[in-house]
Amino acid sequence: MAVETQQELIHGLNDGQRSAVQQTDGPLLIIAGPGSGKTRVITHRIAFMIAKGIPSWQIVALTFTNKAADEMRNRLNKLSPGNLTWAGTFHRFCSRLLRQYAALVGLQENYTIYDMGDSKKVLKHAIANAEIDVKHFSADKIGNQISNLKNEGVSLEHFIPRPGNVMDKILSKVYPEYQKLLQMANAVDFDDLLLHCVDLLRDNPELRESLDLKFNYMMVDEYQDTNRAQYQLIRLLNHNVQNLAVTGDPDQSIYGWRGANISNILDFEKDYPSVSVVRLEENYRSTKSILRVADQLIENNVRRKKKKLITANDEGKPVRLVAYPSPQDEAADIADSIALAIQKGNRKAKDFAILYRTNWLSRAFEHTLRQCGVPYQVLNGHEFYQRKEIKDVIAYLHLLNNPNDSVAFERVVNIPSRKIGKVTLTRLQRYSRENSISMMEAARNCEQIETIKKAVGKRILAFVELMDGLSKEVDSEVEPVIRSVLAATGYREWLTDDGSEEAFERAGNVDELVVAAQEFDNEHPEDGGLARYLEQAALVSDTDVWESDANFVTMMTMHAAKGLEFPCVYVVGLEDGLLPHERSVGNDDEVEEERRLLFVGITRAEEELQFSRCLNRFRRGSYWPAIPSRFLMELPRDEMEIFGAQHQQAGMTADDLQRAIDSMDVVDAPDFSDLPAIDIHASDAAISVGGDLFCDQENEPATKKSAVKKPSMASLMTGAELAKQHQSNAAADRLEPEACEVGLEVEHVEYGVGKVIAMTGTGRKVTATINFPNFGNKRICLAFSNLRLPG
DNA sequence: ATTCGCAAAGTTTTT
DNA sequence: CTTTGCGAAT
């Protein structure tokens, strides 16, 4: 019977897939291009192992998101019911491991996982305690450095500051203090979850060996996105027993910025010399025309192993590239197209995805989709859990679960107001630091603190008693605990006190939290409880909340889209500075990562794909001409459909472009789903020619060019456009920062005419000190002001 | 202790 | 142009 099952499991797989499934032992590297049936291979491989007689509890599968893990578990349960394979994210895996061995790294099992906001608060305390002047290194910078160290697997005792390095000198003071505060709070940050586990295994050889044996078979998905700490963890758990299979695609490595090390996958063959390598190159997802676009784009990366994308799928429709006058047009047209396709019955809402580089780009689309009555879901971050009211309630739960959680203490001690203010808090903090105890302990002993008056101490003790009382009510279910907290603190009443609409909405969010907790209780009858609930709340990711079955248009970042697929994909905002992001230009490796990001975006599409960019983009207060993304030059434009660039020709000046923009007739949204396209080929369109506007990166950025707009026929403009025009006109004769010099007469909207008497700063921070006859001297940052020449 | 007002900074991407 | 954070005032 077992043999028959094994046969069934490899039936219908291609050669590469089959060989990956059948090689259950020893190190295995699966290079899997997009849409190559990777998840299928992984699940079938695990089922195959189980069918072979390998105990399922010896198998661990590490995935990138919880969603991917759920998906895997579901599929696996169909192939192999009742199996005990552990599937989950690295962070969850480590979290579980740490709960068990917390004491070995100086924690208690009920430790708290701090999110970024929480860790930042701790960091600020650490910086203050270390008496570091944050003049030239911001707290964020320092935090990033610590995070980078941790991602590199450098724990405190392995950190050796380089002599003469200023940042290292700061880190040598802040890093230890930060870790000390975390430990006192019995808390970890995200990076610590991994790092503590690495330390745990490194420092306890016999434990390491037993776990190595216990997790006999390991699989790691998205291996190209693992960082050094994760790499070390994997190596530590696959030393004696090397039944390790990793899957990944170097072309989809998009997390370098958070420490992902692309050489982890490129060097896998060196790390495990006896490795077998399987390549899954056939794509089952996309049309030929989409794949050619993806292929040609990624060919431009230098640091890469060549790989071909092949598919037996149809040719499909040509990929579209559209230039819109403004983001409003972009959003309106795309929403219209989607609405029309749905209306005509060609598509469902859930067939569409709108992908972008940064989260804020979703706003315009939310607006237009709502107007068109198209249902949508936006995946952005842990937005729900970041709300003040939610964080407040969760903080109470954290404090109940882990009374030493000082960040939670500081958050809720005066919410609702208990007349325990900033000064009192500072006194408690000092006491807690001097005695190396948590805030809660300090509060308990507040009568010992001379500087705290009796009356205040009484209020503090009342709070301590409140929490003590609540902690007795903590039981196996979460929902009743939240209800007790709300009841005992009067939080909800405090929230709705002012009767405002906003307050009402917030109360609604709190209610939603209660419902979510209830659901959690129902779904986790065995393995629930406060600790697990809080762990889950801390480790949810963007895509985890994505509802793949519900009928919504999906909007998310290209990062979040990894691993997903949609029939129709819109990749929007393809402008230099957005993609590639302005913070990566100038660094070749980072630009290559941006290119991979677009590659990921493209390869999400099954049947239809549209790129778009805008000629103007609203940034920092007003509209600026936007340069097309350099990646657009790298696509096979001769086979794509190009819209909206009709007026652009090689050799245009900025003014010419502006005139073209003003007379653009793309305002009436073209209907792509239906009309025969006006096919403007590359030879006709300026963006192909390398006209200096688009291709010559040596040129000054557009933001520095004159932004003069010629008025166009008002009768043809919508209200939004008029508003936009107005704004542009306001900026029309705006003084260019580099034209400003001492002695110049300038005019300010509010202060009138004045004379520049001094200039300070460089780049965007150039500031002029200007003497206005009626207002005296004013310091004005040129990049943000509306200075103009008088007259 | 809270509230108000002004100034500076700012927009990646996420476990 | 917004938001956030800090400082001063009540």
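In this text the structure is predicted, and so the values were computed from the model without any measurement. Here is the naming used below: chain letters follow the sequence lines, and residue numbers restart at 1 for every chain. Note: hydrogens, waters and symmetry copies are ignored here, and every other heavy atom, side chains too, is used.
- Ring to ring, A:F365 and A:W360 are not that close: their centroids are 6.0 angstrom or more apart.
- Atom-to-atom, CG of A:L379 to P of B:dT13 comes out at 13 Å; the value is rounded to the nearest Å.
- Counting only N and O atoms by type, the side chains of A:Y114 and A:D192 include no donor and acceptor under 3.5 Å apart.
- For A:T557, a side-chain nitrogen or oxygen approaches OP1 or OP2 of B:dT14 to under 4.0 Å.
- For A:M116, counting side-chain heavy atoms from C-beta on, the closest listed nucleotide (B:dT11, B:dT13, B:dT15) is B:dT15.
- Distances shorter than 4.0 Å separate some side-chain N or O of A:N359 from OP1 or OP2 on B:dT13.
- Going from atom CG of A:D221 over to atom C1' of B:dT15 covers 15 Å, rounded to whole Å.
- Between A:T65 and B:dT15, a side-chain N or O to OP1/OP2 separation shorter than 4.0 Å is absent.
- Taking atom CZ of A:R583 as the reference point, atom P of B:dT11 lies 7 Å away to the nearest angstrom.
- Counting non-hydrogen atoms under 4.0 angstrom, A:Y255 reaches the backbone sugars and phosphates but no base.
- Between the NE2 atom of A:H581 and the P atom of B:dT14 there is a distance of 12 Å, rounded to whole Å.
- The side chain of A:S417 has B:dT2 as its nearest neighbour among B:dT2, B:dT13, C:dC6.
- The residue among A:T358 and A:G421 whose nearest nucleotide of DNA chain B is located toward the 5' end is A:G421.
- Considering only side-chain N and O atoms, A:N414 lies under 4.0 angstrom from the phosphate OP1 or OP2 of B:dT2.
- The side-chain heavy atoms of A:V407 and A:D118, taken from C-beta on, include a pair separated by under 4.5 Å.
- Using a 4.5 Å heavy-atom cutoff, the side chains of A:L355 and A:V572 are not in contact.
- Map A:A560 and A:R619 each onto its nearest nucleotide of DNA chain B; the residue landing nearer the 5' end is A:R619.
- Nearest to the side chain of A:V423, among B:dA1, C:dC6, B:dT13, sits B:dA1.
- Classification of A:K150 and A:D189 as a salt-bridged pair holds, one side-chain N sitting under 4.0 Å from a carboxylate O.
- A:I113 comes within 4.0 angstrom of nothing in the nucleic acid, heavy atoms only.
- Rounding to whole angstrom units, NZ of residue A:K388 and P of C:dT3 are separated by 11 Å.
- Side-chain atoms of A:R258 and A:N148 form no donor-acceptor pair, as typed in the model, at a separation below 3.5 Å.
- Taking atom C1' in both C:dC6 and B:dT11, the straight-line distance is 22 Å, to the nearest Å.
- Atom CZ of A:R595 and atom P of B:dT13 are 21 Å apart (whole Å).
- Between A:D140 atom CG and C:dG5 atom P there is a gap of 10 Å when expressed in whole angstrom units.
- Close to B:dT15, at under 4.0 Å from its OP1 or OP2, lies no side-chain N or O of A:N151.
- Separating the NZ atom of A:K150 from the P atom of B:dT15 is a distance of 18 Å, rounded to the nearest angstrom.
- Both stacking criteria are satisfied for A:W257 over the base of B:dT13: a centre-to-centre distance under 5.5 angstrom and an angle between ring planes under 30 degrees.
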